[in-house]
Each structure stands twice: as structure tokens, then as C-alpha cells.
Q: 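Submitted below is the structure of interest, expressed as C-alpha cells.
For ligands, and for the atoms within them, numbers begin at 1 and follow the listed sequence. In this chain, numbering begins with 1 at the start of the sequence shown.
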Amino acid sequence: MSDLVKKMYINGEWILAESEETYEVINPATSEPVGVVSYGDDRDTAKAIDAAHAAFKGWSQLTARERSKYLNNLYELIRKNRDELAAIMSAEMGKPLGEAKFEALGAADNFMWYAEEGKRIYGETIPSSMANKRLMVIKQPVGVVAAITPWNFPVNMLARKIAPALAAGCTVVVKPAMKTPLSAIRMFELIEEAGFPKGVVNLVLGKASAIGREITENPKVAKITFTGSTDVGKKLMEGAAKQVKRISMELGGHAPFIVFEDANLDAAVQGLFESKYRNTGQMCICTNRLYVQESIVEAFTEKLIERLKNTKVGDGRVKGVEIGPLVDEGSLNSVMAHIEDAKEKGGTIAFGGNRLTEGEYSKGFFLEPTVITNVTPDMKVCYEETFGPVVPIIPFKDEASVIEMANDTVYGLAAYAYTQNNSRCFRIAEALEYGIVGINDGSPTQTQAPFGGFKESGIGREGGHYALEGFLETKFVSFGI
Ligand code: NAP
């Protein structure tokens with residue numbers, strides 16, 4: 001049995017959990033098991049933290065050019081194995097294969113980009129106000145980083161944290177989501193093949209609360225970088241506060257998508273499709289509220305429904321499928337509860353609204369892509385994150401009123417607007433209280449651009465040189481001469 005159990009990667013070795021416990025990973029399209037995985041806890045986490053701590057000195061003292069060789073090796077390996085990584089992601093969380101391949105390539109891109117950017121961690125010299133002093137600022141890695149990632153982008157989320165942390169000279173302990181350990185394990189096999197020194201990158205799997213507690217309480221962890229729900233993020237922030245650990249938080253979202261009457265409607269429908277239905281609506285930057293100007297509500301709704309009628313829902317591994325299953329039954333029930341709540345409060349299901357249960361759908365967690373109209377602000381879809389393929393359409397009168405509605409939320413991750421009025425493009429981009437704004441762009445993310453939220457959507461930024469800053473301390477040195 002132990003040969004079948006997938007292991008954790010700690011200090012350059014593949015090991016079973018101290019508890020000897022395991023669990024099964026389930027394919028959400030078929031409910032079939034796709035792997036058996038070690039279920040670790042705080043004891044394994046402590047070992048991984050010790051290994052990362054011991055490896056820190058050697059890794060941080062390498063030159064950036066030396067570190068970049070390992071990152072580039074990994075870049076090549078992920079590209080070479082992208083089809084396999086995509087197939088694993090699709091099997092463990094249902095992502096359509098095309099999207100999964102795109103994700104794997106995006107993950108690889110992070111390692112290539114930070115391999116280069118790590119060479120540009122510059123300090124500063126500052127003119128002194130005293131003739132006998134010279135002032136210098138240097139940047140140094142924070143130390144051991146603990147990275148906790150979600151299941152919705154299982155490979156890219158790992159890459160977005162590991163690549164800049166390693167480039168900055170930090171060592172890392174990763175805890176991926178329980179639903180998606182298999183793609184993380186495959187990534188770590190590639191990490192091993194890339195030749196990283198032992199202890200530099202470690203993988204722990206298992207009980208989130210025990211692993212989280214060890215990460216927050218162990219003084220050898222200098223920084224926690226987390227992507228997941230706002231509730232868990234707040235708990236980790238509370239824990240981290242006791243030792244004033246550095247934190248980066250990429251949390252939940254509730255993105256508005258605004259379509260003005262002067263928009264190119266076909267482009268807006270395509271942008272909405274990408275921002276709402278990609279990854280089966282399970283993205284932090286997903287559209288959650290669709291605001292359409294009154295004069296074009298009917299035309300836009302018709303075009304959107306037409307697009308959805310031509311969208312294939314199914315097992316992500318089947319060619320042509322654009323929308324896969326929800327990740328598990330709990331997720332499906334949460335999304336269904338939002339639909340039921342909207343119906344009870346007078347909403348109209350303009351398209352979809354049902355769980356798919358017949359034939360090819362009988363064993364999975366499938367939901368029709370859904371459009372709700374006659375929406376009122378008291379409906380959950382208007383203020384709670386709907387993590388699924390459901391969009392409420394809310395008509396609006398003018399620019400001022402829609403900006404007010406769009407900003408009326410505790411979240412501030414991503415927002416979108418479609419308009420062909422150039423002045424309005426600038427006004428809207430500045431007025432939206434969000435960390436990422438897509439103007440006539442339904443998928444505004446790239447490796448080199450900052451990614452993160454205002455308000456309760458997070459603290460800090462991933463992407464570009466902004467991510468590196470999160471893994472560096474700033475040291476001021478004053479030389480008396
Ligand atoms: P989640 O329940 O918060 O889980 C995220 C990660 O935290 C998982 O690895 C989970 O482990 C772990 N975790 C749970 N409880 C923990 C604890 N007490 N201590 C330490 N770790 C703990 O979120 P999710 O359902 O996986 O992901 C969906 C959420 O993530 C949505 O709110 C979405 O908006 C957000 N998200 C944000 C971004 C962003 O960049 N802002 C990107 C993607 C997703 P287990 O899996 O083992 O429970």
C-alpha cells in the first residue's frame with residue numbers, strides 16, 4: 001500500500017506522514033478516486049521548516065545568477081511536461097484541458113521571468129547630510145517562507161509564490177490545497193529533477209489547521225504568503241501577528257463587470273465569458289455582479305444567452321468542453337444555495353439554474369451556466385462571493401450611479417468595464433476601488449504585472465517586481481568615514 005501512497009517532499013526526500021494517515025483524491029467529473037496521498041500534520045511541517053531553515057544560508061548566499069540556473073531548469077521542465085501537468089489538474093479538480101495547459105505554461109513563465117528579475121534586486125545609495133557619512137540601502141531575503149495555496153489554480157499558484165521567493169534568496173515550505181495535491185506532487189518531482197539543493201523547497205500535505213498552526217507559531221518562519229478565502233486569511237493574519245511575521249494575502253473577490261451603452265457588445269460578451277465562466281466560475285477575479293446600462297440590457301442579455309447555449313459543459317478532459325464540474329459537492333451546494341436565494345427573493349432565472357444529473361453528468365458535480373435577472377441588492381449573489389458559473393444582471397442608469405454600486409463591497413480585487421469612450425476609460429479606471437482593472441479586457445493578468453487586492457481582498461502584490469519586494473527586507477547601512 002505504502003508504494004501507492006504519494007509522499008511529501010522534505011529536505012530532498014520523499015517521505016510518508018508521521019501520522020501514517022492517508023486520504024483519497026476524487027475526480028469531480030466522475031467521483032472516481034485518482035490518487036492516495038499522505039495526510040501530514042504539524043510534525044511534518046516542523047521538519048519541513050527545519051529543512052528550509054538549514055538550507056537558507058547556502059541558498060541566500062548564492063549569487064542571483066547561480067539561483068537563476070535552477071529556476072531556468074524548472075522553467076524548461078514544466079514546459080516539457082505541460083500536457084501531463086494539465087491532465088493531472090483536470091483529473092483532480094475538473095479544469096478543461098485547454099485551460100489547464102495554458103495554466104501550466106503560465107506557471108513555467110513565472111520561473112523564467114523571476115530567473116531574470118532576481119538579477120535586478122538593486123539597492124540604493126543616498127546622499128548624506130553629513131560629510132563624514134555614506135548611506136547605503138541593501139535588499140536581503142526575509143528568510144524561510146511558508147506558502148499556502150488554493151485548489152482553483154493549483155499549479156500557477158505554486159509557481160507565483162515559489163518563483164519570486166526563490167529568486168529573492170528565500171527558502172520555502174509549501175502547503176497546497178487538500179483537493180489538489182497531485183499536481184503539486186508532480187511539480188515537486190520536477191523541482192527535484194531541476195536539481196535544487198536539498199531543503200530549499202519543501203512540500204507538506206495534510207491537515208490544514210495543524211499545518212497552519214505550526215506555520216504561524218514556529219519562529220523559524222519569517223513570512224507567510226497565502227492565497228485563499230478571506231476568512232482563512234484573517235485567521236492566519238491573527239496568528240502571524242503574535243510574532244509580527246511578514247504576510248502577503250491574496251483573498252476573495254466580488255468583481256463588478258460594467259457594460260456601457262457605447263461598448264462593443266460582442267467584445268463585452270466574450271470578455272464576460274472569460275471573466276465569469278473560465279475555470280467554471282471558480283476564480284478570485286471572477287465577475288460576480290454584471291452591470292449593464294439600461295438601454296442595452298435586452299440586447300446584451302440575448303447575446304450572452306446565445307453564447308451560453310453554444311457552450312459545452314462536461315468532463316474537462318473531453319475535447320470541446322469549455323465548462324467543467326464544480327470542484328466538489330459542497331461547492332456545488334453553495335452555488336445552488338445562491339441561485340435558490342435569488343429565486344426566493346424574486347429573481348428570474350433567464351438561463352440555466354439547474355444541476356446536470358443525467359448521462360455523462362450522473363456522477364459529477366455539474367451545473368448549467370446560469371444568468372439571473374430581476375436582481376435586488378439583498379440577494380446573496382450581490383454581496384457574497386459566488387464561486388461558480390452564475391451571473392446576476394443589474395441594469396444601471398449612468399456612470400456615477402454604477403461606480404457607486406460597483407465600489408459598494410468589502411472586496412477590492414478585480415473589476416471590469418467595457419466602453420469605447422476614451423475619457424470614460426480613464427475616469428472609470430481611476431474611480432474603481434480595485435487592485436486590478438480590466439478596461440475592455442476580460443482576462444487582465446500577466447506574470448510581469450502586479451496582482452492583488454484593495455480592502456478585504458488582500459495585502460501585498462504577486463506578479464512582476466512587486467512580488468519580489470514581498471520576499472525582501474530593506475536594510476539601511478550608515479558608514480562613518
Ligand atoms: P480556502 O478554504 O481558504 O483554502 C485555501 C488554502 O488554505 C488551502 O490550502 C487550505 O487547505 C488552506 N487552509 C484552510 N484552512 C486553513 C487553516 N486554518 N490554516 C492554514 N491553512 C488553511 O480557500 P479555497 O476554497 O481553497 O479557495 C477559494 C478562495 O480562494 C476564494 O475565496 C477565492 O477568491 C480565493 N482565491 C484568491 C486568489 C487571489 O489571488 N486573491 C486566488 C485564488 C483563489 P485545505 O485545502 O487542506 O483545506
Q: Which atoms from ligand 1 have a heavy atom of Leu413 less than 4.0 Å away?
A: 41 (N)
Q: Evaluate Thr230 for polar contact with ligand 1, using N/O atom pairs at a separation under 3.5 Å.
A: no
Q: Check ligand 1 against Gly212 and write out every atom of the ligand that is under 4.0 Å from a heavy-atom position of the residue.
A: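 Answer, ordered by atom number: 19 (N), 20 (C).
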Q: Answer with yes or no after comparing the ring centroid distance for Trp59 and Phe196 against a 6.0 Å cut-off, counting only values under it.
A: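 For Trp59 and Phe196, the ring centres are under 6.0 Å apart.
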Q: Provide, to 0.1 Å, the distance between atom 2 (O) of ligand 1 and the closest protein heavy atom, together with that atom's residue and name.
A: Ser229 OG, 4.0 Å
Q: Relative to ligand 1, is Met157 under 4.0 angstrom through side chain, backbone, both or neither, heavy atoms considered?
A: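 Answer for Met157: side chain.
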Q: Which residue and non-hydrogen atom of the protein lie closest to atom 19 (N) of ligand 1, and at what distance in Å?
A: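 That would be Ala208 O, 3.5 Å.
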Q: Using distance alone, decide if ligand 1 has a nitrogen or oxygen within less than 3.5 Å of any nitrogen or oxygen in Trp151.
A: yes
Q: Contact between Val371 and Leu304 at the side-chain level, heavy atoms closer than 4.5 Å - yes or no?
A: yes
Q: Checking Tyr434 against Phe454 for the ring pair (Phe, Tyr, Trp, His ring centres under 6.0 Å) test, could you report, in this order, the C-alpha distance in whole Å, the side-chain angles of both residues, the deciding distance, and whether it holds?
A: CA-CA 6 Å; Tyr434 290 83; Phe454 287 17; 7.5 Å; no
Q: Do you see a protein non-hydrogen atom under 4.0 Å from atom 34 (O) of ligand 1?
A: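 Yes.
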Q: Look at Lys47 together with Glu18 and state whether they make a salt bridge at an N to O cut-off of under 4.0 Å.
A: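 Salt bridge between Lys47 and Glu18, a charged N being under 4.0 Å from a carboxylate O: yes.
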Q: Ignoring hydrogens and angles, state whether a donor on the side chain of Glu92 or Ser183 is under 3.5 Å from an acceptor on the partner side chain.
A: yes
Q: Could you tell me whether Ser457 and ligand 1 have an N or O pair separated by under 3.5 Å?
A: no
Q: Does a side chain donor of either Trp14 or Glu189 reach within less than 3.5 Å of an acceptor in the other side chain?
A: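 Their side chains do not contain a donor-acceptor pair, so the 3.5 Å distance test is not met.
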Q: Are the charged groups of Lys343 and Glu340 less than 4.0 angstrom apart, N to O?
A: yes
Q: Between ligand 1 and Phe451, is the shortest N or O to N or O distance under 3.5 Å?
A: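 Checking ligand 1 against Phe451, no N or O pair falls under 3.5 Å apart.
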Q: Just let me know how Leu251 lines up against ligand 1, side chain, backbone, both or neither, with a heavy-atom cut-off below 4.0 Å.
A: backbone
Q: Just to be sure I read this right, does ligand 1 sit under 4.0 Å from the backbone of Asn152, its side chain, both, or neither, counting only heavy atoms?
A: side chain
Q: With no hydrogens and no angle check, just 3.5 Å: does a side-chain donor-acceptor pair link Glu368 and Asn354?
A: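 Judged by distance alone, the side chains do pair up.
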Q: Tell me whether Glu456 is salt-bridged to Lys234, with the criterion being a basic N under 4.0 Å from an acidic carboxylate O.
A: yes
Q: Could you list the donor-acceptor pairs under 3.5 angstrom formed between side-chain atoms of residues 171-180 and any protein atom two or more places apart in sequence or on another chain?
A:
unit_1, atom_1, unit_2, atom_2, d
Thr171, OG1, Ala52, O, 2.7

Q: Does the N or O separation between Thr149 and ligand 1 drop below 3.5 Å for any pair?
A: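 Right, the criterion is met.
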Q: Can you list the atoms of ligand 1 that are under 4.0 Å from a heavy atom of Ala177?
A: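 Those qualifying, in numeric order: 8 (C), 9 (O), 46 (O).
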Q: Quick one: look up the protein heavy atom nearest atom 27 (O) of ligand 1 and list residue, atom name and how far away it is.
A: Pro150 CB, 3.6 Å
Q: Taking distance alone, with N or O pairs closer than 3.5 Å, would you say Phe387 contacts ligand 1?
A: no
Q: What protein heavy atom sits nearest atom 18 (N) of ligand 1, and how far away is it?
A: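 Result for atom 18 (N) of ligand 1: Ser209 CA, 4.0 Å.
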Q: Please tell me if the side chains of Ile247 and Leu236 come closer than 4.5 Å, counting only heavy atoms from C-beta onward.
A: no
Q: With the threshold set at 4.0 Å, does a side-chain nitrogen-carboxylate oxygen contact exist between Lys161 and Glu462?
A: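 Salt bridge between Lys161 and Glu462, a charged N being under 4.0 Å from a carboxylate O: yes.
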Q: Checking a contact table here: which protein heavy atom is nearest atom 16 (C) of ligand 1, and how many Å away?
A: Val232 CG1, 3.5 Å
Q: For a 4.5 angstrom cut-off between non-hydrogen side-chain atoms, does Cys286 reach Tyr277?
A: no
Q: Taking all non-hydrogen atoms of both residues, which atom of Gly169 and which atom of Phe56 are closest, and how far apart?
A: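 What the structure gives for the nearest pair is O-CE1, 3.3 Å.
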Q: Examine distances only and state if a side-chain atom of Lys220 and a backbone atom of His53 form a donor-acceptor pair shorter than 3.5 Å.
A: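 No: the side chain of Lys220 does not pair with the backbone of His53.
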Q: Nearest non-hydrogen contact with atom 38 (C) of ligand 1 belongs to which option: Pro176, Gly463, Cys284, Gly228?
A: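 Looking at heavy atoms only, Cys284 sits closest to atom 38 (C) of ligand 1.
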Q: Can you tell me the protein heavy atom closest to atom 32 (O) of ligand 1 and the distance?
A: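 Result: Glu385 OE1, 2.8 Å.
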Q: Look at atom 11 (O) of ligand 1 and say which protein heavy atom is nearest, naming residue and atom and giving the distance to 0.1 Å.
A: Lys175 NZ, 3.0 Å
Q: Could you see which bit of Ile148 sits under 4.0 Å from ligand 1, with heavy atoms only: side chain, backbone, both or neither?
A: side chain
Q: Tell me, please: is Gly453 in heavy-atom contact with ligand 1, that is, under 4.0 Å?
A: no
Q: What's the shortest distance from atom 7 (O) of ligand 1 to any protein heavy atom, and which residue and atom give it?
A: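 Protein heavy atom at minimum distance: Phe226 CE1, 3.2 Å.
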Q: Just heavy atoms, cut-off under 4.0 Å: does Met283 contact ligand 1 by side chain, backbone, both, or neither?
A: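 Within the 4.0 Å criterion, Met283 makes no contact with ligand 1.
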Q: Taking distance alone, with no angle check, do Met178 and ligand 1 share an N/O pair under 3.5 Å?
A: yes
